[in-house]
Number of protein chains: 2
Amino acid sequence: MDTYKLFDAEYKFANLIWENEPINSTELVKLSFERLGWKKSTTYTVLRKLCERGILKNEAAIVSSVIKKEDAQRHESQMVIEKSFNGSLPQFLTAFLGERKISKKEAEELKRIIEEAAK
Amino acid sequence: MDTYKLFDAEYKFANLIWENEPINSTELVKLSFERLGWKKSTTYTVLRKLCERGILKNEAAIVSSVIKKEDAQRHESQMVIEKSFNGSLPQFLTAFLGERKISKKEAEELKRIIEEAAK
DNA sequence: AAATTAGGTTTATTGCAATAAACTAAATGT
DNA sequence: ACATTTAGTTTATTGCAATAAACCTAATTT
């Protein structure tokens, strides 16, 4: 199965860790309550699952990520394009932009990113 | 609630219709069985839900789409970028490309799409 | 006129993501 | 020594997407 795939709740949770790692697990419980409204047991349940899938780790009550945000995001973006856009980035871009216009500045930035990948 | 959002099974189903509309409902039942392995009742259940949400319509046993594929795709792509990429297309592009290289040809195509939206 | 097909609806069942209550055991504070 | 805090696990519960069985009625075929 697809160990990289993060469900909605898992993704929100992973973000807390990416933004605060390394973080002590008791601190994480507090943070999850403040930011997600989760009870302690919920936090530990989700934490364990993500550890089992090799996405996070919890060593001596210090939680940190194994898979970095960029990797999860790349995976996510590639899944979407595969599933909904026939694996085609141009098709995705076309759909996303639709009739929307973008500024010269944005266009420059996007072209720069593309240039960089075309080397 | 978000009427445009299509769940996985719904999206696969909608694709059958986008590719074959207008289509008679009995034909659609056959097609769903062949392509998705669905029983008749499953097809009608999903069909009704999508009709209620204004995505499809079923008039005198002729099924067709109200929301076109391009619209659903645009919505989908925008949701992903909002949810996982902070609303930033450059961030998405960067994540998607990662260390991957693309051909000159692809790069040209992508730049053309961007140019078009920058007018 | 009896059987079959077309075109559905009503009402489950299953599976899994999301959430948490209740319990534990070890360490630490008083 | 006792109370509290830390750091969890075990075991539900809930909600909803996905799937389908069973039923229904009108039209068509035999």
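Sequence lines set the chain letters: A, B, ... in the order given, protein chains first and strands last, and positions in each chain run from 1. Values reported hereafter were calculated over all heavy atoms of this structure, with side chains retained and with hydrogens, waters and symmetry mates removed.
Smallest separation of non-hydrogen atoms from Ser88(A) and Ile81(A): N-CG2, 3.6 Å. Scanning all heavy atoms of the two residues, the minimum distance from Glu21(B) to Val63(B) falls at CB-O, 4.2 Å.
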Donor-acceptor pairs are to be reported for all side-chain atoms of residues 11-19 of chain B against protein atoms at under 3.5 Å, with residues two or more places apart or in another chain.
from, atom 1, to, atom 2, distance (Å)
Tyr11(B), OH, Ser84(A), O, 3.1
Asn15(B), OD1, Lys69(B), NZ, 2.9
Asn15(B), ND2, Tyr11(B), O, 3.2
Trp18(B), NE1, Ile67(B), O, 3.1
Glu19(B), OE1, Arg35(B), NH2, 3.1

When you compare the protein's N or O atoms with those of nucleotides 13-15 of chain D, which come within less than 3.5 Å of each other, and at what distance?
none

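The salt bridge (Lys or Arg N to Asp or Glu O under 4.0 Å) check on Arg48(B) picks up nothing, with sequence neighbours excluded. Under the rule for a side-chain contact (heavy atoms from CB on, under 4.5 Å), the partners of Ala9(A) that lie at least two apart in sequence or sit in another chain are Trp38(A). Not counting sequence neighbours, Glu109(B) has no partner by the salt bridge (Lys or Arg N to Asp or Glu O under 4.0 Å) test. Scanning for side-chain contact (heavy atoms from CB on, under 4.5 Å) contacts around Glu106(A) gives Ile102(A), Ser103(A), with sequence neighbours left out. The salt bridge (Lys or Arg N to Asp or Glu O under 4.0 Å) search around Lys101(A) returns none, not counting sequence neighbours. Legend: residues meeting salt bridge (Lys or Arg N to Asp or Glu O under 4.0 Å) with Glu70(A), ordered by chain and number and at least two apart, are absent. Partners of Glu82(B) by side-chain contact (heavy atoms from CB on, under 4.5 Å), not counting sequence neighbours, listed by chain and number: Met79(B).
Residues from residues 57-65 of chain B lying near DNA chain D, meaning a heavy-atom separation below 4.0 Å, are absent. Of the residues in residues 20-31 of chain A, Asn24(A), Ser25(A), Thr26(A) come within less than 4.0 Å of DNA chain D through at least one heavy atom, sorted by number.
Distances shorter than 4.0 Å separate some side-chain N or O of Arg48(B) from OP1 or OP2 on dT9(C).
Hydrophobic clustering of Ile, Leu, Val, Met, Phe, Trp and Tyr side chains at less than 4.5 Å, counting indirect connections, keeps Leu6(A) apart from Val80(B).
For Lys83(A), the NZ atom is densely surrounded, since the number of other residues' heavy atoms within 6.0 Å is greater than 12.
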Query - Contact letters for nucleotides 18-30 of chain C, in which S counts primed atoms plus P, OP1 and OP2 and B counts the base, heavy atoms under 4.0 Å - result: SBBBB--------
